[in-house]
2 protein chains.
Amino acid sequence: MAMIDHSADRAVFRQLADLLRDRIQSGELGPGEPLPSELRLAQDHGLSRTTVRQAIGQLRTEGLVTVDRPRGTFVRVPEPVQVVTLARGEHVGARMPTDAERRKHRLGEGVPVLVVTTPEGTETVHPADRVQLTRP
Amino acid sequence: MAMIDHSADRAVFRQLADLLRDRIQSGELGPGEPLPSELRLAQDHGLSRTTVRQAIGQLRTEGLVTVDRPRGTFVRVPEPVQVVTLARGEHVGARMPTDAERRKHRLGEGVPVLVVTTPEGTETVHPADRVQLTRP
DNA sequence: GTCCATTTGTCCGTATGTATC
DNA sequence: GGATACATACGGACAAATGGA
């Protein structure tokens, strides 16, 4: 098993996040598959549950995993993407939603929003996990 | 002073995050201004420093504040925005960067990246706090 | 339906390290 | 050196929701 180095420069919880991220991005943990439970990870690596939660929190903010409480933590499953066409003169930015916006649009953690601004200044917000913009 | 309701349905750290977010969005705490220290917030509201850190962590993931350790926690100052023109057929998405990408591009916490994909499939990433895309 | 084990969420306390002023 | 402030890591406790026996 991959190991954690307590004497390393990098924080322990970041090392654990790196390990789990690698397992996800390598495909060893596929979309929809559960991560080991927090208790299991803590025991396996000799860490406190607090530290394990920090690591998983990191992956949550990166949008790599979602939590279905209390069933477990799962590798995020990609949403079907809808393509939206940009009109002339429109600008596009991205930012994190506020807590209120997250609930309103039912956004998962770690999912930004795309903000489209018309030349008149009107803004529309799109969930970045379900929308792609295109210049035709 | 605004109060925390321990009997409320909403978690205490979320209530504190709400209070601080309101003070930022109302302009009472302007860009570049420091938040009260974690210890100060803990004492003022009768909370543990752990809980205060949870609240501030929430605002960090929302990109509302930045931490300059150990000077303090500050309301994020908007970056100068560079406008990038989209070519025909390009697609635009957004996602959170991984930890490695964050360090590579010197991205602040809570800042997504804009991902531009050419028709050939080449991807370029832009920090969403410094770049806006436009369809001319 | 009830009981119980599992799992995540929340909150507290403590300690130590590191960088700044 | 000392005080301040954030970062990391540990520990414990209880709550809430799920799922299986």
Short side-chain to backbone donor-acceptor contact, Gln15(B) and Asp5(B), under 3.5 Å
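Indeed, once roles are kept as given, a pair shorter than 3.5 Å links the two residues.
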
Are [X] and [Y] ion-paired here, with the side-chain N under 4.0 Å from a carboxylate O?
{"X": "Arg10(A)", "Y": "Asp18(A)", "answer": "yes"}
{"X": "Asp99(A)", "Y": "Arg103(A)", "answer": "yes"}
{"X": "Arg95(B)", "Y": "Asp129(A)", "answer": "no"}
{"X": "Glu90(B)", "Y": "Arg135(A)", "answer": "no"}

Nucleotide [N], atom [atom2] - distance to [atom1] of [X] in whole Å:
{"X": "Ile4(B)", "N": "dC12(C)", "atom1": "CD1", "atom2": "P", "result": "10 Å"}
{"X": "Asp68(A)", "N": "dG19(D)", "atom1": "CG", "atom2": "C1'", "result": "12 Å"}
{"X": "Glu38(A)", "N": "dA5(C)", "atom1": "CD", "atom2": "P", "result": "20 Å"}
{"X": "Leu47(B)", "N": "dC12(C)", "atom1": "CG", "atom2": "C1'", "result": "11 Å"}
{"X": "His45(A)", "N": "dC10(D)", "atom1": "NE2", "atom2": "P", "result": "12 Å"}
{"X": "Gln54(B)", "N": "dA7(D)", "atom1": "CD", "atom2": "C1'", "result": "15 Å"}
{"X": "Leu39(A)", "N": "dG9(C)", "atom1": "CG", "atom2": "P", "result": "14 Å"}
{"X": "Gln43(A)", "N": "dC10(D)", "atom1": "CD", "atom2": "P", "result": "14 Å"}

Need one value for [X]: base, sugar-phosphate or nothing, where a base atom within 4.0 Å counts as base even if backbone is also close, heavy atoms only.
{"X": "Thr51(A)", "result": "sugar-phosphate"}
{"X": "Arg60(B)", "result": "sugar-phosphate"}
{"X": "Arg10(A)", "result": "nothing"}

Which comes earlier along DNA chain D counting from the 5' end, the contact point of Arg69(A) or that of Thr50(B), where each point is its nearest nucleotide?
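Here Thr50(B) is the residue nearer the 5' end.
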
Between Ala11(B) and Leu35(A), which is nearer to the 5' end of DNA chain C once each is assigned its nearest nucleotide?
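Nearest-nucleotide comparison on DNA chain C picks Leu35(A).
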
Let's see if you can work this out: which of [options] has an atom nearest to the side-chain heavy atoms of [X]?
{"X": "Arg49(A)", "options": "dC11(C), dA13(D), dA15(C)", "value": "dA13(D)"}
{"X": "Arg71(B)", "options": "dT8(C), dC21(C), dA7(D)", "value": "dC21(C)"}
{"X": "Pro70(B)", "options": "dA5(D), dC10(D), dT8(D)", "value": "dA5(D)"}
{"X": "His6(B)", "options": "dC12(C), dG9(C), dC6(D)", "value": "dC12(C)"}
{"X": "Ser48(B)", "options": "dC11(C), dT8(D), dC10(D)", "value": "dC11(C)"}
{"X": "Val12(A)", "options": "dC11(C), dT8(C), dA9(D)", "value": "dA9(D)"}

Does a side-chain N or O of Ser37(B) approach OP1 or OP2 of dT4(D) to a distance below 4.0 Å, or not?
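For dT4(D), neither OP1 nor OP2 has a side-chain N or O of Ser37(B) closer than 4.0 Å.
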
Under 4.0 angstrom between Arg14(A) side-chain N/O and dT8(D) OP1 or OP2:
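Yes, such a contact exists.
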
Could you tell me if Gln54(B) and Gln58(B) have a donor-acceptor pair between their side chains, going purely by distance under 3.5 Å?
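Checked: Gln58(B)/Gln54(B) side chains show no N/O donor-acceptor pair below 3.5 Å.
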
Applying a 3.5 Å limit to both distances, which nucleotide forms a Watson-Crick or G-U wobble pair with dT8(D)?
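dT8(D) is paired, partner dA15(C).
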
